[in-house]
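Structure record follows, encoded as structure tokens.
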Amino acid sequence: RRCDKWVAFLLCLFLGWCGGHRYYEKRYALAAFYTLFFWSVVPFFLCVTDLLIALPMQADENGDILI
């Protein structure tokens, strides 16, 4: 799925602990996992991993990345 790199990055940065970036990417199963387990440390570490994966990706001419 294509989504705007900086919108996904900011959502991951500020709402990643509850799955905000996964809802934006339309990955509802993962988003539900993040939301159900937001009280634990697991979504935080997954969010940090998502940030480290998405940040170095090259955006296309529209600013979109393929996730």
Side-chain angles (χ1 to χ4, degrees):
R1 302 196 184 211
R2 293 195 176 277
C3 63
D4 187 81
K5 178 180 180 175
W6 295 110
V7 171
F9 174 76
L10 291 173
L11 283 172
C12 188
L13 189 63
F14 294 110
L15 295 175
W17 56 271
C18 68
H21 63 296
R22 294 298 184 181
Y23 286 108
Y24 175 69
E25 297 167 2
K26 295 185 172 105
R27 294 186 172 198
Y28 299 118
L30 278 173
F33 174 79
Y34 279 61
T35 303
L36 288 173
F37 292 99
F38 76 93
W39 51 268
S40 69
V41 185
V42 175
F44 173 75
F45 288 117
L46 293 174
C47 178
V48 170
T49 304
D50 294 339
L51 281 171
L52 293 175
I53 291 171
L55 192 59
M57 286 184 163
Q58 293 294 324
D60 63 4
E61 63 274 356
N62 296 327
D64 295 340
I65 57 174
L66 185 63
I67 294 182

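All values reported here derive from a predicted model rather than from experimental measurement.
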**Request:** Let me see the working for Y23 and L15 under side-chain contact (heavy atoms from CB on, under 4.5 Å), right down to the final yes or no.
**Result:** CA-CA 10 Å; Y23 286 108; L15 295 175; over 6 Å; no

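- At least one donor-acceptor pair closer than 3.5 Å links the side chain of K5 to the backbone N or O of M57.
- Ring orientation note: the planes of F9 and W6 are nearly perpendicular, at an angle over 60° on the 30°/60° scale.
- Residue L11 comes nearest to G20 through the heavy atom pair CD1-O, 4.1 Å, listed as atom of the first residue, atom of the second, then distance.
- Using a 4.5 Å cut-off between side-chain heavy atoms of Ile, Leu, Val, Met, Phe, Trp and Tyr, with links allowed through other members, F14 and V7 fall into different hydrophobic clusters.
- In terms of heavy-atom proximity, C12 sits nearest to C47 at O-SG, 2.9 Å.
- The CG atom of D50 sits 12.0 Å away from atom CG of L55, with the distance rounded to the nearest 0.5 Å.
- The two residues A59 and I65 come nearest to each other via the heavy atoms CA-CG2, 3.9 Å.
- Here the closest heavy-atom approach between residue Y24 and residue D4 is recorded as OH-N, 3.3 Å.
- Without hydrogens or angle criteria, N62 side chain to D64 main chain gives no donor-acceptor distance under 3.5 Å.
- Under the 3.5 Å distance criterion, the side-chain polar atoms of T35 are matched with a main-chain donor or acceptor of C18.
- Residue A31 comes nearest to G19 through the heavy atom pair CB-O, 4.0 Å, listed as atom of the first residue, atom of the second, then distance.
- In this structure, the ring of Y34 has its center no less than 6.0 angstrom from the ring center of F38.
- Follow the hydrophobic side-chain contacts under 4.5 Å out from W39 and you reach F33 in the same cluster.
- Within the 4.5 Å cutoff, the side chain of R22 has heavy atoms near those of the R27 side chain.
- Linking ILVMFWY side-chain heavy atoms closer than 4.5 Å, directly or via other members, places L46 and L52 in two distinct hydrophobic clusters.
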**Message:** For L13 and H21: C-alpha separation, side-chain torsions, deciding distance, then whether side-chain contact (heavy atoms from CB on, under 4.5 Å) applies.
**Reply:** CA-CA 9 Å; L13 189 63; H21 63 296; over 6 Å; no

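- Nearest heavy atom pair, residue E25 against residue R1, reads O-CD, 3.2 Å.
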